[in-house]
Amino acid sequence: MLKVSQVKIEVNKDNEEEKLRSLAKKLRVNEDEILNFDVRKQSIDARDKTCIYYVYEFAVSMRNEAKYLEHCLNQDVSKVKDEIYEFPSKGSKPLEGKIAVVGSGPAGLFAAYTLAENGYPVILIERGKKIEARTKDVEQFWQTGVLNTESNVQFGEGGAGTFSDGKLNTLVKDQNHRQKKVFETFVKFGAPKEILYSYKPHIGTDKLRKVIINMRNKLIKMGVDIYYESCLTDIIANNNQLSSIVINNSKIIPCAVLVLAIGHSARDTFQMLYDKNIEMTSKPFAVGIRVQHPQKMINMSQYGEKYANIMGAASYKLTNQSSNGRGVYSFCMCPGGFVVNASSEEGYLAINGMSNHARDEENACSAIIVTVDAKDYGNHPLDGVQFQRKLEQKAFELGNGDIPIQLLKDYYSRVATTCLGDINPVFKGKTTFCDLNAIFPEEINFSLKESMEVFGKKIKGFNHPDTIIAGVESRTSSPVKIIRDDNFESNIKGIYPCGEGAGYAGGITSAAIDGIKVAEAIGKIYFQF
């Protein structure tokens with residue numbers, strides 16, 4: 001089979017017949033020489049808004065491939081290399097008891113799945129509820145403001161990413177084909193097949209929930225015991241070696257191996273781990289606002305008039321170095337999506353973005369965030385958590401529990417908004433007009449305002465006076481890193497920090513990959529009878 005790269009097809013001509021024709025032209029063969037083909041990668045060349053192309057990489061089967069390759073001088077044509085994920089050879093130490101995986105976000109799910117797939121006995125422990133019940137709790141919270149602190153946008157089966165866009169972008173290098181393993185697993189359990197080749201793969205919150213349910217059912221069939229509404233409240237170690245864990249301050253579970261995939265919002269668990277002398281440090285993260293613009297405006301900017309209505313909901317990525325030295329950038333951009341109340345603690349308010357697979361809501365929304373580090377909040381390992389809480393408490397008090405929103409022009413003028421302009425808001429959760437300047441330190445406000453003007457020069461209308469902004473976007477990544485060694489273990493042996501909450505990932509894909517890495521690390525030490 002051949003790999004054929006850099007095959008360009010204008011987007012309004014993209015169909016199977018055109019793919020075949022373009023492939024034959026690229027290979028300089030007759031169409032009947034091509035037996036079959038599959039898309040391996042798809043990207044977009046939108047530099048010229050008068051003629052936008054899909055750029056494809058295909059896997060192609062054709063007649064007389066060996067002979068063709070022997071004489072082929074085209075550098076865009078080569079033999080397809082096998083990309084097969086392989087779990088490493090198992091270690092020499094016998095596993096005594098089961099492996100406990102705490103957290104059923106992507107890191108915990110893929111750690112548990114990989115271990116179970118390779119014959120290891122696994123217990124999966126989740127402080128929240130199953131997706132079905134969790135979704136009802138979240139919807140009720142958005143409608144009534146009544147928060148379940150153990151079942152919300154942050155806590156529950158699937159993790160925080162379940163109520164997001166289901167974006168799968170990552171910068172992780174995939175030499176061991178772990179990413180391919182993750183994507184193929186998602187597709188196996190119901191994700192759209194196009195995530196295997198799309199340049200910006202996403203599942204959508206609606207489809208992702210179904211994928212998680214299917215994955216859960218498979219885990220159960222593989223023998224994984226799953227405990228819901230079960231919060232890790234203590235760990236017990238003897239001679240610096242884990243011996244058991246405590247759930248809900250009552251149930252003791254003996255285990256020699258613990259995967260800590262607790263997520264970036266498990267603040268009480270961070271405190272417990274710190275009190276148990278687990279080595280950790282604070283890490284930089286980012287905070288800011290979430291902006292809403294008409295999706296049609298973003299489409300026009302990204303694709304131009306000719307293609308704006310045929311390309312689907314466009315995304316964007318913006319960065320700026322503000323004059324005060326702060327890095328400012330867009331984050332978790334949700335085309336055709338919602339801004340949602342993503343709170344998980346009473347008296348504190350945080351927001352996030354969310355899109356369904358169709359991305360068909362009226363507005364595009366994105367976080368615009370500013371980098372912060374120990375200079376802003378201190379050197380104690382948990383000072384970043386307290387900094388987040390301080391901002392979230394201000395946001396809660398400012399909106400009296402509702403999402404505080406404001407027009408951009410009023411944010412500049414430091415006055416509370418009294419009425420909306422030309423943009424219709426799309427929120428999940430109640431909102432109220434406020435002055436968001438009151439949430440942030442002045443240096444962050446300055447960076448946000450300056451950068452919105454810069455971004456307005458990159459995307460026409462981005463700094464429109466009626467742009468709707470909301471706060472506070474504070475859960476961009478974990479404020480904590482739990483230290484692990486080259487074998488992925490913490491300073492207490494048998495404990496494996498994992499995923500975004502532990503500070504080793506930044507999104508669904510990288511967290512899932514880290515879950516696989518941790519499973520491999522455990523497999524290299526232990527074998528199961």
Side-chain angles (χ1 to χ4, degrees), residues 91-105 107-109 111-112 114-116 120-128 149-150 155 159 219 223-281 380-382 385 478 480-504 514-515 517-519 521-529:
S92 58
K93 185 176 181 179
L95 178 66
E96 298 178 2
K98 293 188 176 183
I99 298 170
V101 177
V102 174
S104 69
L109 282 174
T114 304
L115 288 164
Y120 291 90
V122 177
I123 300 171
L124 182 58
I125 297 166
E126 169 56 52
R127 69 186 297 168
T149 57
E150 297 298 325
F155 298 144
L219 286 169
V224 175
D225 296 320
I226 305 178
Y227 296 89
Y228 297 99
E229 299 180 66
S230 299
C231 182
L232 174 69
T233 51
D234 200 3
I235 58 173
I236 300 171
N238 297 312
N239 299 319
N240 208 46
Q241 174 69 50
L242 177 72
S243 62
S244 58
I245 59 175
V246 180
I247 303 302
N248 295 339
N249 293 306
S250 58
K251 183 178 178 63
I252 298 175
I253 300 177
C255 60
V257 177
L258 167 65
V259 178
L260 272 177
I262 55 178
H264 61 39
S265 293
R267 294 166 172 173
D268 51 355
T269 309
F270 290 147
Q271 182 66 58
M272 180 273 291
L273 295 172
Y274 177 79
D275 292 342
K276 301 299 289 190
N277 297 316
I278 300 289
E279 289 184 0
M280 61 178 66
T281 183
H380 188 281
L382 299 179
V385 173
S478 179
V480 170
K481 174 171 278 191
I482 304 173
I483 305 301
R484 67 188 189 191
D485 61 20
D486 292 341
N487 296 319
F488 291 77
E489 282 186 290
S490 75
N491 59 303
I492 295 182
K493 297 306 175 185
I495 297 179
Y496 291 78
C498 180
E500 188 166 349
Y504 296 96
D514 200 60
K517 286 181 178 179
V518 167
I522 294 168
K524 289 176 182 178
I525 295 175
Y526 296 97
F527 73 90
Q528 172 65 20
F529 294 106

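What you are looking at is a predicted structure, and each value in this text was computed from that prediction instead of being measured.
In this structure the side chain of Ile245 reaches within 4.5 angstrom of the side chain of Leu232, judged on heavy atoms. Counting only heavy atoms from C-beta outward, the side chains of Tyr504 and Arg484 approach each other to under 4.5 Å. Cys255 places a side-chain heavy atom less than 4.5 Å from the side chain of Leu242.
Nearest heavy-atom pair across Ile482 and Pro497 is CG2-CG, 3.6 Å. When all heavy atoms of Val480 and Phe270 are compared, the pair lying nearest together is CG2-CD1, 4.2 Å. Counting all heavy atoms, side chain and backbone alike, Ala116 lies closest to Val122 at N-CG2, 4.1 Å. Considering every non-hydrogen atom in both Ala111 and Ala519, the closest pair reads O-CB, 3.9 Å. Nearest heavy atoms, Phe527 versus Pro94: CE2-N, 3.4 Å. Of all heavy-atom pairs spanning Leu124 and Gly108, the tightest one is CD1-O, 4.3 Å.
No more than 12 heavy atoms of other residues, nucleotides or ligands sit less than 6.0 Å from atom NZ of Lys524. Other residues, nucleotides and ligands place no more than 12 heavy atoms under 6.0 Å from the CD atom of Glu96.
A donor-acceptor pair is defined here as one N or O able to donate and one able to accept, closer than 3.5 Å; no such pair exists between the side chain of Ser244 and the backbone of Pro254. Under a 3.5 Å cut-off, the side chain of Thr281 and the backbone N or O of Lys481 do not form any donor-acceptor pair. Side-chain N or O atoms of Asp234 include none that pairs as donor or acceptor with a backbone N or O of Ile252 at under 3.5 Å. Side chain of Tyr120 to main chain of Tyr526: a donor-acceptor pair is present (N/O by atom type, distance under 3.5 Å, no hydrogens or angles). Although no hydrogens or angles enter the test, the distance criterion places a donor-acceptor pair under 3.5 Å between the side chain of Ser243 and the main chain of Ile236. No donor-acceptor pair closer than 3.5 Å links the side chain of Glu126 to the backbone N or O of Tyr228.
Here the CG atom belonging to Leu219 is positioned 11.0 Å from the CG atom belonging to Asp225, to the nearest 0.5 angstrom. We find the OG-CG distance between Ser490 and Leu260 to be 7.5 Å, quoted to the nearest 0.5 Å. Rounding to the nearest 0.5 angstrom, the gap separating the CD1 atom in Ile253 from the OG atom in Ser230 is 7.0 Å. Separating the CG atom in Leu258 from the CD1 atom in Ile235 is a distance of 7.5 Å, to the nearest 0.5 Å. Interatomic distance, Ile525 CD1 to Tyr496 OH, rounded to the nearest 0.5 Å: 3.5 Å. To the nearest 0.5 angstrom, Ser478 atom OG is 9.0 Å from Met280 atom CE.
The stretch residues 250-262 participates, sequence neighbours left out, in no side-chain hydrogen bond (donor to acceptor under 3.5 Å, both in side chains) pair at all. For residues 262-274, every residue pair satisfying the side-chain hydrogen bond (donor to acceptor under 3.5 Å, both in side chains) rule, not counting sequence neighbours, is listed here: Arg127-Asp268, Gln154-Ser265, Ser265-Arg475, Arg267-Glu345, Arg267-Gln388, Arg267-Glu392, Gln271-Asp275, Tyr274-His380.
For Asn491, the side-chain contact (heavy atoms from CB on, under 4.5 Å) partners at least two apart in sequence or on another chain are Ile278, Glu279. Listed by chain and residue number, nothing satisfies the side-chain hydrogen bond (donor to acceptor under 3.5 Å, both in side chains) test with Asn487 (two or more places apart in sequence, or in another chain). Residues passing the side-chain contact (heavy atoms from CB on, under 4.5 Å) test with Pro121, sequence neighbours excluded: Leu95, Lys98, Gln528. Residues meeting the ring pair (Phe, Tyr, Trp, His ring centres under 6.0 Å) test with Phe488, sequence neighbours left out: none.
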>> Leu273 vs Ile495, test: side chain to side chain contact (heavy atoms under 4.5 Å, CB included). Steps then yes/no.
In response: CA-CA 11 Å; Leu273 295 172; Ile495 297 179; 5.8 Å; no
